[in-house]
Student: 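The structure's right below; bear with me while I get my questions together.
Reckoned from all heavy atoms, side chains included, excluding hydrogens, waters and symmetry mates. This chain uses plain numbering: 1 for the first residue, then up along the sequence.
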Amino acid sequence: GPYSAYPRSRMHDLPYYCAVMAYIRPEEELLALLGATVERVSVPLELLGLLLYEMAVHQKVLEKHEAVRRIHDSLKSSGHPLAWLPLTLTEPEKEISLRSFNRDGSGGYGTPFGPRRRSPKAERQAVKERSKQAAAASPPPYPSIETAEERSELQAAVRNWCEQSNGRAEAGVFQLRPPNGPELQRVTSEQLLQLGLDCLQGASAEHLQLQPLSVRELFRYLFAAAANGGAYNDGRHNAYGRLDAWRSLRALTGAPDTAGWSDVLQRAEQCTCYYFEAPTPWFRQVAWDFGIVVLRPDGRTAAVLAATDTD
């Protein structure tokens, strides 16, 4: 029943259990559960917040429901990070890859990650040889201008790959035009290759795939990486995974840390986004590769996030 729904086993963490409950149980039962536990001192706010935002991802939240309002207000007044998120899915979140669960807790999900094209062994070997020569090349013409804090926020969605699996990530912000120079309308393969990125060492324009990316497609990559994880981990699940995806999106667009989600979304729509990959030694070319470059609204700076993982 709804009042005995909180699991007691310690085999998994709390976000996992809330993700399973939000997926399997119907909306009315979940709302009844929140209503029955919102006043219990023994039920932590963290648990209620996790379940509420897991429900939000599955569109099982009624914003006018008294328990929903009380939990959201408590999260907001306590400065809880999840309170930053909207309780309904925004336009870019309409195609996110959600993990499905069976009643025994097992489950699966679809992955959007590359490589989109499997490169022949000879091509990868040629790029590998080029990468050795590129390591001694002259400094890139476009300087990186990100702070350590900004780099950390850019990598928020893929940090779990690096800390809990075999993943690695690269992120940066680059000055493509002087502050008072003419604005760019797009990013070219040649410009991307001149950023001095480790993930593209040894690649040439003929090896590089650079394709336009909608904001909805971009968010799908970020959410899948953050919520569902990489080769050897389960990610941060939907509540915190969604938050990490938004953190990376905010950093990619150059929005300030104080910006709300609607401001981030408005800024994202003013950006020009691309997906990229290349058969370099940096990318593992298994099933968890992606590269993102975002030309910011100023038309002079671009942010990059690349990640790869392997089993």
Side-chain angles (χ1 to χ4, degrees), residues 1-90 93 96-109 156-157 159-161 163-165 222-230 233-248 260-261:
Y3 309 127
S4 61
Y6 290 126
R8 295 174 176 82
S9 170
R10 301 191 181 204
M11 290 178 61
H12 295 279
D13 58 9
L14 198 58
Y16 162 81
Y17 283 118
C18 289
V20 174
M21 279 195 292
Y23 178 81
I24 291 178
R25 295 182 179 272
E27 177 184 308
E28 25 329 330
E29 189 174 307
L30 290 165
L31 291 171
L33 176 59
L34 292 180
T37 55
V38 67
E39 295 185 2
R40 293 189 184 182
V41 179
S42 59
V43 180
L45 180 61
E46 175 70 11
L47 189 154
L48 294 173
L50 275 170
L51 183 56
L52 176 62
Y53 279 96
E54 287 287 343
M55 292 167 56
V57 167
H58 293 287
Q59 303 182 70
K60 295 181 179 180
V61 168
L62 295 178
E63 293 190 69
K64 295 183 179 180
H65 192 279
E66 182 180 358
V68 170
R69 287 191 290 104
R70 290 181 60 181
I71 294 169
H72 184 261
D73 289 346
S74 295
L75 291 168
K76 193 171 182 179
S77 62
S78 67
H80 197 286
L82 290 178
W84 184 90
L85 293 168
L87 286 170
T88 56
L89 293 182
T90 62
E93 299 176 289
I96 54 178
S97 300
L98 294 173
R99 187 187 296 269
S100 61
F101 291 101
N102 301 311
R103 290 199 169 271
D104 63 358
S106 62
Y109 63 93
R159 185 164 295 114
N160 70 88
W161 289 22
E163 295 179 350
Q164 301 169 8
S165 188
L222 297 176
F223 180 87
N228 299 330
N233 71 313
D234 291 330
R236 298 253 283 164
H237 301 293
N238 296 324
Y240 280 109
R242 185 183 179 206
L243 180 62
D244 286 346
W246 274 101
R247 287 172 58 195
S248 285
W261 62 265

Student: Less than 4.5 Å apart, side chain to side chain, heavy atoms only: is that true for P81 and L243?
Tutor: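 A side-chain contact exists here, since the closest heavy-atom pair is under 4.5 Å.
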
Student: On a heavy-atom basis, which atom in C18 and which in L50 lie closest, and how many Å separate them?
Tutor: SG-CB, 3.8 Å

Student: In sequence, state the C-alpha distance, the side-chain angles, and the governing distance for H80 and E46, and then conclude on side-chain hydrogen bond (donor to acceptor under 3.5 Å, both in side chains).
Tutor: CA-CA 9 Å; H80 197 286; E46 175 70 11; 2.6 Å; yes

Student: Could you walk me through whether S106 and F101 pass side chain to side chain contact (heavy atoms under 4.5 Å, CB included), step by step?
Tutor: CA-CA 6 Å; S106 62; F101 291 101; over 6 Å; no

Student: Could you go through the salt bridge (charged side-chain N to carboxylate O under 4.0 Å, His left out) check for R247 and D244 one step at a time?
Tutor: CA-CA 5 Å; R247 287 172 58 195; D244 286 346; 3.1 Å; yes

Student: Hey, are the side chains of V68 and L62 touching, using non-hydrogen atoms and a 4.5 Å cut-off?
Tutor: no

Student: Under 3.5 Å, is there a donor-acceptor pair between the side chain of N233 and the main chain of G230?
Tutor: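 Confirmed, N233 side chain pairs with G230 backbone.
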
Student: Rounded to the nearest 0.5 Å, what's the gap from OG on S78 to CG on L45? Could you check?
Tutor: 5.0 Å

Student: For a quick test of reading the model, state the closest non-hydrogen atom pair linking V57 to I96 and the distance between them.
Tutor: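 V57 and I96 have their closest heavy atoms at CG1-CD1, 4.1 Å.
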
Student: Any side-chain to backbone donor/acceptor pair from N102 onto D104? Under 3.5 Å, distance only.
Tutor: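 Looks like no, no N/O pair under 3.5 Å.
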
Student: Any idea which heavy atoms bring T37 and L33 closest together, and the distance?
Tutor: OG1-O, 2.7 Å

Student: Flag the pair N238 / Y53 as yes when at least one side-chain heavy-atom distance between them is below 4.5 Å, and no otherwise.
Tutor: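 No, too far: nothing below the 4.5 Å cut-off.
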
Student: Are L31 and M55 packed together at the side-chain level, in the sense that at least one heavy-atom pair is separated by less than 4.5 angstrom?
Tutor: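 Yes - at least one pair of side-chain heavy atoms lies under 4.5 Å apart.
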
Student: Any pair with a residue in residues 59-70 that passes side chain to side chain donor-acceptor pair (under 3.5 Å), sequence neighbours left out, goes on the list, sorted by first then second residue, please.
Tutor: E39-R70

Student: Is a donor on one side and an acceptor on the other found under 3.5 Å between the side chain of Y16 and the backbone of G105?
Tutor: yes

Student: Which distance, rounded to the nearest 0.5 Å, do you find between the CD1 of I71 and the NZ of K76?
Tutor: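 One finds 15.5 Å between CD1 of I71 and NZ of K76.
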
Student: W84 and W246: side chain to side chain contact (heavy atoms under 4.5 Å, CB included), yes or no, with the steps?
Tutor: CA-CA 10 Å; W84 184 90; W246 274 101; 3.5 Å; yes

Student: Indicate the atoms forming the closest heavy-atom contact of D234 with R99, along with that distance.
Tutor: O-NH2, 3.4 Å

Student: Please test L75 against L48 for side chain to side chain contact (heavy atoms under 4.5 Å, CB included), starting from the C-alpha separation and ending with a verdict.
Tutor: CA-CA 9 Å; L75 291 168; L48 294 173; over 6 Å; no

Student: Testing E54, E93, H237 for side-chain hydrogen bond (donor to acceptor under 3.5 Å, both in side chains) with R242, which one passes?
Tutor: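 Between R242 and the candidates, side-chain hydrogen bond (donor to acceptor under 3.5 Å, both in side chains) is satisfied uniquely by E93.
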
Student: Taking A245's backbone N and O only, do any of them form a donor-acceptor pair with S248's side chain (distance below 3.5 Å, no angle check)?
Tutor: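 The answer is no, because no donor-acceptor pair under 3.5 Å joins these two groups.
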
Student: When you measure from the side chain of N228 to the backbone N and O of S97, does any donor-acceptor pair fall under 3.5 Å?
Tutor: yes

Student: Step by step, work out the side chain to side chain contact (heavy atoms under 4.5 Å, CB included) result for W261 and L85.
Tutor: CA-CA 7 Å; W261 62 265; L85 293 168; over 6 Å; no

